Amino acid sequence: MKTNALLQIAVATGTAIAFDGAWATDWPQFGYDAAHSGNNPAETLLTAANVAQMTQRYAVTIPDVVNSAPVYLANVSTAAGVRDLLFALTQTGKLLAIDAASGSVVWSHTTSGSPVTTSSPAIDPGRAYVYSHGMDGKVHKYQVGDGTEIIDAKWPEVFTLKPNVEKANGSLALATWNGTSYLYSVTSGYEDSGDYQGHLTTINLGSGDQKVFNVMCSSVASHFTNGSGGNDCTSTGSAIWGRGGAVFDASLGKIYISTGNGAYTANVGNGMNWGDSVLSLSPDGTGATPGVPYDSYTPANFDYLGNHDSDLGSMSIALLPAPSGSSFLHLGMQGGKDDGLRLINLQDMSGGGGPRHVAGELQSITNIHPYDGAREQAAVWVDGSAATWVFHASVRNGLTAYKMSLGAGNVPMLTSQWIQYRGTAIGTTSPVIANGVLYHVGGCANVDSNCLFARNPLTGAALWSSAPLGQQHWQSPIVVNGRVYLFDEASQLHAFGNGNVDLIFANGFDAP
């Protein structure tokens, strides 16, 4: 009997089964995929029909706070046997490999240097290595099974020369284009002061070679040093803050970085400062010409955004599949701390036929979460009728669902479908969706704490919610192989699952 048939029987009867670990799904980077869509299309075990039966499988204390989301690799050979592993980076720089079944730490590595990080690691496409930001300003490479670090002429790879002022805020990201895999590291700053410029470091995972694209003084294609005595830039204060970091669009073969704060001078002469903009680059991290992206989007009120700490790039761009019949086939949604959303044509982001122009968005939505802005990664989903949805979270004020339709001239537009405001606690973190169920952290009803919610994405109705979990900051869930995993501000890892489908990963059954 095939495994998928066994799973159907198990779901119906509550039978615990074993199956071939090769069938299991991985969650290799923040937001699941290179687009950071937050959508796991391979999930089949948790459904809208059985998610109400979820219970907490464990809550374990880990060595320190993880202020992000884990990544997940199934069927890893370790000294203790084959295990499914979660990888997470604590805010003080300890990379943890955690047994997903029990929450116990299998191995760990610590780096020291910079004050704090909120980054997630990323798993190599070949599944042999995990990459992590180090507090020493370098990206480190470890074997997944035992944590052995790869140290050679290239690794560890520098991502900043001034880790005390440039922060690894966004997560590591991965993409493969034309047979070459790339690792992307972005930098921001600590609060809004200091000698930081914001940049993208792209590492070719085949050769180990890297390229640097600076947001400020972009004509310089190398890491800046700290102070006027070295290779530095007098323009400061711009950063790439988004949780997902660099976003890859496989249909266009481009990566996108969204910047916040800092000067924007690219529309004046040959200016090379790209504050509060969305930039399009090639997969290897370079522009059309040195220091100039292939395309860019900058809102017309960029001065206001920069002067009022209303970063456009407080979140990474969300890639949205275009509806059938749309006049524009490649779309992105960019939110910001100014309580606004912009729908952008990714094939001509400003409508000006190239970079260095301002405005030109297809749609602008304002006052979506009054008195609060966007810092979380949106989740993107296409429903059974082929309609595109985007779920936009606010760190303090709730979760909003938008559905895409076509307006006059078949121009796409987003329309609000439902809003779930917060409870009495700070919440909502980056949402994710799996098998037609939307998951997010938000304020519990009538309790000054956070809860995990499972919702109907079409209506926002709660299908299930957890008991109070304490407080979350940037922590967000992942949903993989019938389990939901989530960290909190009390240094705990929570795992939830449907008790009627307890899966044991073992050999002996054919994969479907």
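Computed from a predicted model, the values in this text were never measured in an experiment. All values below come from the heavy atoms of this structure, side chains included, with hydrogens, waters and symmetry mates left out.
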Give the ring-plane orientation class for H308 versus Y304, where under 30° counts as parallel, over 60° as perpendicular and anything between as tilted. parallel
Are more than 12 heavy atoms from other residues, nucleotides or ligands located less than 6.0 Å from atom CG of D152? yes
With side-chain hydrogen bond (donor to acceptor under 3.5 Å, both in side chains) as the test, would you mind laying out the steps for N40 and T25 before giving the verdict? CA-CA 9 Å; N40 177 2; T25 302; 5.0 Å; no
Nearest 0.5 Å, please: how far is CD1 in I478 from OH in Y485? 7.5 Å
Distance-only side-chain donor-acceptor flag, S251 / H330, under 3.5 Å: yes
Taking atom CD of E376 and atom OG1 of T428, what is their separation to the nearest 0.5 Å? 8.0 Å
Going by an N to O cut-off under 4.0 Å, is there a salt bridge joining D26 and R127? yes
Just by distance, with hydrogens left out, do T429 and S476 show a side-chain donor and acceptor under 3.5 Å apart? no
Check: Y184 side chain, P283 main-chain N or O, donor-acceptor pair, under 3.5 Å: yes
Is it true that D284 and K211 make a salt bridge, defined as a side-chain N closer than 4.0 Å to a carboxylate O? no
Can you tell me how far apart CZ (F391) and NZ (K403) are? Round to the nearest 0.5 Å. 10.5 Å
With a cut-off of 6.0 Å (strictly less than), are more than 12 heavy atoms of other residues, nucleotides or ligands near NZ of K138? no
If you round to the nearest 0.5 Å, how far is CG of L346 from NZ of K254? 11.0 Å
Q363 side chain vs L414 backbone, donor-acceptor pair below 3.5 Å: yes
